[in-house]
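Everything on this sheet refers to the single structure shown next.
Bear in mind that the values here come from a model prediction, so they are computed numbers and not experimental data. Values below: every heavy atom of this structure, side chains too, minus hydrogens, waters and symmetry copies.
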Amino acid sequence: MLETGSAIGMLLGSLLMNFLPNTNKKRFAFKMFIPFFILDIQFILLGLLFLSTSNALFVSLFGSLIMGLVSFSLAVLNIIVQVRLQKTVPTELLGRVIATLTTANTSIMPLGILIFSFLFQNTESGGSIFIFSGLTLLLYTLIFFKSIRHAIRNDNKL
């Protein structure tokens, strides 16, 4: 059920971005950080859901909704960033930049799998891991919001 909610959210996010007007340079930071904040809050809510109940139907229904919102946010964020990259990176460098980003993202996954496997095996409650992860993401987003917004403004001037 949770994976179904995730797939539906990804589909709806992709469709929404298909029908919205072109993502131009105006308000790019705002368009990028809204999905970040939604994503951070959804991880916290998912942890609270797992801590608050063990009812399978309740977890399936609300968990599917939360996972749908997580995937929706990820789809919107990925599309916004990919469009921005394609518009701003010179064509002769675009393949290298996207390949480097893909390699970096893929290569860090085993580390995340090891860390979270260890945490889930050695923690009584998985919900607390989601809450801690969501709060960490939220703190990270808030700390770097100003510097990333500044970098985006400088990039817009070019």
- Query: If you count the non-hydrogen atoms of other residues, nucleotides and ligands that lie under 6.0 Å from OH in Y140, is the total more than 12?
  - Reply: no

- Message: Taking I44 as the starting point, is it possible to reach L46 by hopping between hydrophobic residues whose side chains are less than 4.5 Å apart?
- Response: yes

- Note on the structure: Distance col, row Q42:CD vs L49:CG, nearest 0.5 angstrom, shows 11.0 Å

- Item | Between CE on residue M17 and CG on residue L77, distance to nearest 0.5 Å | 9.5 Å

- Could you tell me how the ring of F130 sits relative to the ring of F43: parallel (under 30°), tilted (30 to 60°) or perpendicular (over 60°)? parallel

- Query: Between the side chain of T123 and the main-chain N/O of S125, is any donor-acceptor distance below 3.5 Å?
  - Reply: no

- Joint hydrophobic cluster, M109 plus F118, side-chain heavy atoms closer than 4.5 Å: no

- Query: Rounded to the nearest 0.5 Å, how far does CZ of F33 lie from CD1 of I80?
  - Reply: 11.5 Å

- Task: Check whether any side-chain N or O of N18 sits under 3.5 Å from a backbone N or O of S14 as a donor-acceptor pair, and report yes or no.
- Result: no

- Task: Check the hydrophobic clustering (I, L, V, M, F, W, Y; side-chain heavy atoms under 4.5 Å; chains of links allowed) and say if I98 and L93 are grouped together.
- Result: yes

- Task: Assess whether atom CD of E92 is packed by more than 12 heavy atoms of other residues, nucleotides or ligands within 6.0 Å.
- Result: yes

- Query: Rounded to the nearest 0.5 Å, how far apart are CG of D40 and CG of L138?
  - Reply: 5.0 Å

- So if you build clusters from Ile, Leu, Val, Met, Phe, Trp, Tyr with side-chain heavy-atom gaps below 4.5 Å, do L65 and L45 land together? no

- Message: Are more than 12 heavy atoms, taken from residues, nucleotides or ligands other than F145, located less than 6.0 Å from that residue's CZ atom?
- Response: yes

- Query: For A104, does its backbone N or O pair with a side-chain atom of S107 as donor and acceptor, under 3.5 Å?
  - Reply: yes

- Item | Heavy-atom donor-acceptor pair, S71 side chain to G9 backbone, under 3.5 Å | no

- Message: How long is the straight-line distance from NZ of K87 back to CG of L94, given to the nearest 0.5 Å?
- Response: 13.5 Å

- Side chain of S147, backbone of F144: donor and acceptor closer than 3.5 Å? yes

- Note on the structure: Residues joined to L61 in its hydrophobic cluster, side chain to side chain under 4.5 Å directly or through other members, sorted by chain and number, are L57

- Message: So does T102 get a backbone contact from the side chain of T106, meaning a donor-acceptor N/O pair under 3.5 Å?
- Response: yes

- Task: Keeping to residues at least two apart or across chains, list the side-chain hydrogen bond (donor to acceptor under 3.5 Å, both in side chains) pairs with something in residues 127-138.
- Result: none

- Message: With clusters defined by side-chain heavy atoms of hydrophobic residues (ILVMFWY) lying less than 4.5 Å apart, directly or transitively, does V70 cluster with I131?
- Response: yes

- Message: Suppose we screen for side chain to side chain donor-acceptor pair (under 3.5 Å). Which residues come up paired with S64, at least two apart in sequence or across chains?
- Response: none

- Item | Distance (rounded to the nearest 0.5 Å) between F72 CZ and L16 CG | 4.5 Å

